[in-house]
Asker: 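Please read through the structure below; I'll follow up with questions.
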Amino acid sequence: MKDKSRLIANEVKFGFLPANKQEREFGFWDLLFVQSGFGIAAWCFLVGGLTGSVLNATDSIATILFGNAFPVLLIVPIAVLFARYGVDTFIGFRSALGYRGSDIFFVIFAVLNLGWISIACFMVGESAAKLLWVLGAGEFWTARETGAPIFAIASFFIALFVAFQGPVAIKWFTRIGVPSILLVLIGLIIVVAFKKGPAELFAISPVNSYDSYNRSIATALEWNVGLGFSWLPYIGQYSRLAKSENAAFSGSFFAYGVILNIAAIMGALTSLLVASLYPTDWMVAIGGKILGILGLILLILGNVTSAVLLTYSQGISFKTVFPKQKWWIALATTVPAAILMSSPSFYDAYGRFLSMISYVMAVFGGIVIMDFFVVKKQRISLRDLYDRKGIYTYWNGINPSAAISLILGTAMYWWMYNPIQDTANSLFNILGAGIPAYFTAGIVYYICSTYLFHYDKKQLIKASQEKSFI
Amino acid sequence: MKKNEEVQFEKDQFVEQLFFELESRVKHYEGVTEAAIPRIRLIDTIVPFIITCLITLGFILAIN
């Protein structure tokens, strides 16, 4: 028990303190593999499945590649901040958002993370229900409305238990889960390559396309843009351990912007082949009984691991922001995810969830990039990132420029597209909504922080260097 | 010492140690460039930029 507490305390210390040179273990290839392993999971297959349900193979591939690579290129320069100062996301963002602003961003991250956890767990639930269906179990255990939620909630509590055990248990789980999801991916590649010829595959029409072609493209693009922008709060956790700024930048770009697309593209092509957007349907449909069972087991292992990693990541982030809080309280912040798994409604609304992610992360992405590269000219005070009474207090802990940018970025997004009602104005079909919201937030932030809320940064940084924490 | 007091003592000690370590690391970053890692150059961003441009071009060609 004491060993576990010590290991968790070490992880918190490791996450809280700026990384020193000895702790920087990741070169370009390490960052590429670690982040690809973390990123390739249920969400990639599902976004691919959604895309393949509204677009044909050619358009799906083009939309997935552009929809992920472009937003990732827009946000990935922030990896330089984390690499240069060795700090994690919610400490690094204090410079742009203010101390309380960064705490608010953490709360938003935690709420959205509940969505990711429930997506992973519900896929476990569906896989388990499907597995029992193949084995001939009764309707209660195999139905999406009864069996799947029960298994999903059970898998969540298993994930919570493993996360509570700390880094050693997680290490073992990752060693099983990451190869499992990669095996699923390899299986899909083989099936897509050999089941039907390219001519037949590229001639299949999508089953759920919108009334107009442009609307199908724009909506599918928005889902993929959502996945691309969604990496914003996760870039810091590995980039801060990079051996060079270029490794952090390029490693993150190629992992989140390029490699992950393989899983999403395979998801889209399989979705077209099987005429279903759900990965659990694919396994038996393309693999038959035996391979289908194997595929479902691998899907369960991969998704439980994703849930463990997300739960643990949220716990550690909570402890980094609030180091005095207890470990069980940090993990308890993930418990509301169980509510989202109690029915298939949230899982089925994955497209809307992705659009919400696109909105939130695009706006914050525009703000933090503009702050670090243009307004602060890549120079921030490490001391003040940690001193809650330092120069990033702004107005009661919130940067007014960021607050105004958030409001106007939000207005831009919702004017272009309402993800709840799935209604859009005519410009949405040309520009999408997430990418314009990113640029709106960034430009407004620049104007506000340069002309409205200007302050002498150099003088303040110099004054802050004379202070001490102890 | 009671168990609760023992836990509280360990917690306080942990936070104190944490801030002591923080002070030394921040000073290190402020004082010398030894902790600093190689900076990114504009030319390092060229490959991701070109790849994104090619993907964008492919996307535009595909949807037209």
Asker: Would you give the length of the straight line joining atom OH of A:Y256 to atom CG of A:L32, rounded to the nearest 0.5 angstrom?
Answerer: 10.5 Å
Asker: Is the count of non-hydrogen atoms from other residues, nucleotides or ligands lying under 6.0 Å from B:I43 atom CD1 greater than 12?
Answerer: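 No, because the 6.0 Å sphere around CD1 of B:I43 holds 12 heavy atoms or fewer from other groups.
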Asker: Sub-3.5 Å donor-acceptor pair from the side chain of A:D384 to the main-chain atoms of A:D387, do we have one?
Answerer: no
Asker: Is it the case that the ring center of A:F16 lies less than 6.0 angstrom away from the ring center of A:Y386?
Answerer: yes
Asker: Taking every heavy-atom pair that is under 4.5 Å apart, which of A:D59, A:V80, A:T63, A:V72 has the most such pairs with chain B?
Answerer: A:T63
Asker: Can you name the residues of residues 214-223 of chain A that have some heavy atom under 4.5 Å away from a heavy atom in chain B?
Answerer: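 So the qualifying residues are A:I217, A:L221.
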Asker: Measure A:A247 against the heavy atoms of chain B and call it side chain, backbone, both or neither at under 4.5 Å.
Answerer: neither
Asker: For A:R240 versus A:A19, what's the shortest heavy-atom pair and its separation?
Answerer: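 So the two residues come closest at O-CB, 3.5 Å.
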Asker: Is there side-chain contact between A:F253 and A:V258, with at least one heavy-atom pair below 4.5 Å?
Answerer: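 SC-SC contact between A:F253 and A:V258 confirmed.
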Asker: Which one wins on heavy-atom pair count under 4.5 Å against chain A: B:L61, B:I60, B:D44, B:I55?
Answerer: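 If we count pairs closer than 4.5 Å to chain A, B:D44 comes out on top.
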Asker: Answer with yes or no after comparing the ring centroid distance for A:Y438 and A:F229 against a 6.0 Å cut-off, counting only values under it.
Answerer: yes
